[in-house]
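Take a look at the structure set out below.
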Amino acid sequence: MKKFICALSTACILLSMSMPISVAAKDVTATSGDTELTVEVPANLDVKITISGNGNVLVNGEEGVVNIERQSSAVIAPVCEEGNVLECLIVNGVDVTSQMIDGTYTLDRVHDDIIVEVTFKEDENYSSSSGSSSGSSSASGTDSKASASSAAATTASQTQNTASTSSPNTGIALGISAGTVLCAAATFVIVGRKKEDDED
Amino acid sequence: MKKSISIIAALAMLATTAMSVSATEITDQSDPKTASAEITTNIQPTYVISIPEDTAITFNTLSTDLGEIKATAIKREPNKQVTVTATAGKLLNQADNTKEIEYALMSGETAFTSVGITDTLTATPLTADITQTAWDESYAGAYKATVTFTISYDDITV
């Protein structure tokens with residue numbers, strides 16, 4: 001009897017030991033996590049303007065523009081001061097001087113900040129006497145802004161052409177007429193003095 | 001910087017507990033005078049997966065690093081892997097959700113959908129790529145998207 005109980009208990013122990021504790025991999029709970037992405041698209045864009053030389057830049061017809069509405073157009077117009085011409089216009093690192101139409105450069109549907117670099121230089125063909133007599137705006141006594149605006153729609157080449165065709169000729173004509181007046185005045189004075197001498 | 005998702009089986013404690021071994025009596029009367037004992041145990045799979053943190057994408061950036069997917073700890077069965085699947089939600093304008101910015105969830109040069117992880121050495125970097133055209137056409141405002149990473153424990157598929 002004792003042997004039977006001993007054998008039975010041994011069998012039970014062995015049986016229990018042989019049973020694995022099984023947890024299937026499927027029991028592992030799948031889970032998830034979220035990652036949020038955010039973006040801020042600006043409503044306005046910055047306009048950064050650098051000017052070298054004597055002149056100004058109008059953006060959409062206005063001076064001192066620092067930002068414009070995104071997706072709108074930007075019309076960039078360099079404005080030379082009297083006696084200066086545009087040397088180059090660089091927009092976002094690209095020289096667009098040759099792409100200007102009627103003195104302006106237009107960016108359609110602007111979607112990024114604009115960096116404008118403008119360089120003006122002195123007009124070699126410009127002389128102050130010709131400027132004062134031939135230019136209607138400056139001759140009529142308007143301020144420098146007005147005279148600069150009148151030059152807004154001219155590119156460097158156009159400005160140079162205008163200067164070379166009008167200024168020298170006008171200068172010569174003026175010189176001749178002034179000399180004639182002086183000669184006439186001197187003759188008048190001399191004749192007048194002669195008459196006085198004769199009367200005495 | 002990284003989010004961690006810890007998956008631990010509910011019965012992990014039990015799994016790592018070895019069964020006690022009871023002594024088998026062998027007496028002078030036993031024949032044969034040998035006995036054997038079978039010892040079994042079961043180690044449950046556990047893993048900790050890192051997924052990218054919330055990220056603010058800078059306007060006009062073509063490719064933004066989001067971080068990487070990797071296992072910081074993994075205990076798995078042979079022929080099993082932890083699969084991380086990503087579902088990229090739309091990047092919608094918060095003021096008008098009919099407006100969206102198209103983007104692609106990328107891992108290197110390929111679009112990312114899922115990755116099977118078997119060790120802690122391998123990391124999968126992710127980026128959110130937005131084309132210049134998509135930026136140019138986007139409307140002003142705040143946008144938000146949710147990328148959902150789902151983790152599962154699967155057979156390794158060849």
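Per chain, numbering begins at 1; letters A, B, ... match sequence-line order.
- In the hydrophobic clustering of this structure, Ile90(A) does not group with Val96(A); members are Ile, Leu, Val, Met, Phe, Trp, Tyr whose side-chain heavy atoms approach within less than 4.5 Å, directly or through other members.
- Residue Phe59(B) holds its CZ atom at 8.5 Å from NE2 of His111(A), rounded to the nearest 0.5 Å.
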Stepwise side-chain hydrogen bond (donor to acceptor under 3.5 Å, both in side chains) check, Asp34(A) with Thr148(B): CA-CA 4 Å; Asp34(A) 288 341; Thr148(B) 302; 2.9 Å; yes

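- By the side-chain contact (heavy atoms from CB on, under 4.5 Å) test, Ser107(B) is found to be paired with Phe112(B), Thr124(B), Pro125(B), Leu126(B), residues two or more places apart in sequence or in another chain being considered.
- With a 4.5 Å cut-off on non-hydrogen atoms, Gln71(A) touches chain B through its side chain but not through its backbone.
- What you find for Leu91(B) and Leu37(A) is that their closest heavy atoms are CD1-O, 3.9 Å.
- The salt bridge (charged side-chain N to carboxylate O under 4.0 Å, His left out) pairs that include a residue from residues 27-36 of chain B number zero, where partners must be two or more places apart or lie in different chains.
- Linking ILVMFWY residues whenever their side-chain heavy atoms come closer than 4.5 Å, directly or via other members, leaves Leu66(B) and Leu92(B) in distinct clusters.
- Val91(A) and Ile49(A) fall within a single hydrophobic cluster, where Ile, Leu, Val, Met, Phe, Trp and Tyr side chains are chained together by heavy-atom contacts under 4.5 Å.
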Quick one: do Thr35(A) and Ile51(B) satisfy side-chain contact (heavy atoms from CB on, under 4.5 Å)? Show the steps, please. CA-CA 8 Å; Thr35(A) 294; Ile51(B) 61 171; 4.1 Å; yes

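- The OG1 atom of Thr38(A) sits 7.0 Å away from the CD1 atom of Ile57(B) when rounded to the nearest 0.5 Å.
- When the heavy atoms of residues 94-106 of chain B are compared with those of chain A, the residues falling under 4.5 Å are Ile101(B), Tyr103(B), listed by number.
- Heavy-atom contacts from other residues, nucleotides or ligands closer than 6.0 Å to CD of Glu69(A) number 12 or fewer.
- Taking non-hydrogen atoms and a 4.5 Å limit, the residue list of residues 127-147 of chain B in contact with chain A, ordered by number, reads Ala128(B), Gln132(B), Trp135(B), Asp136(B), Glu137(B), Ser138(B), Tyr139(B), Ala140(B), Gly141(B), Ala142(B), Tyr143(B), Lys144(B), Ala145(B), Thr146(B), Val147(B).
- Hydrophobic clustering, with ILVMFWY side chains joined whenever heavy atoms are under 4.5 angstrom apart, keeps Ile115(A) apart from Val94(A).
- Linking Ile, Leu, Val, Met, Phe, Trp and Tyr whenever their side-chain heavy atoms come within less than 4.5 Å puts Val39(A) and Leu62(B) in one cluster.
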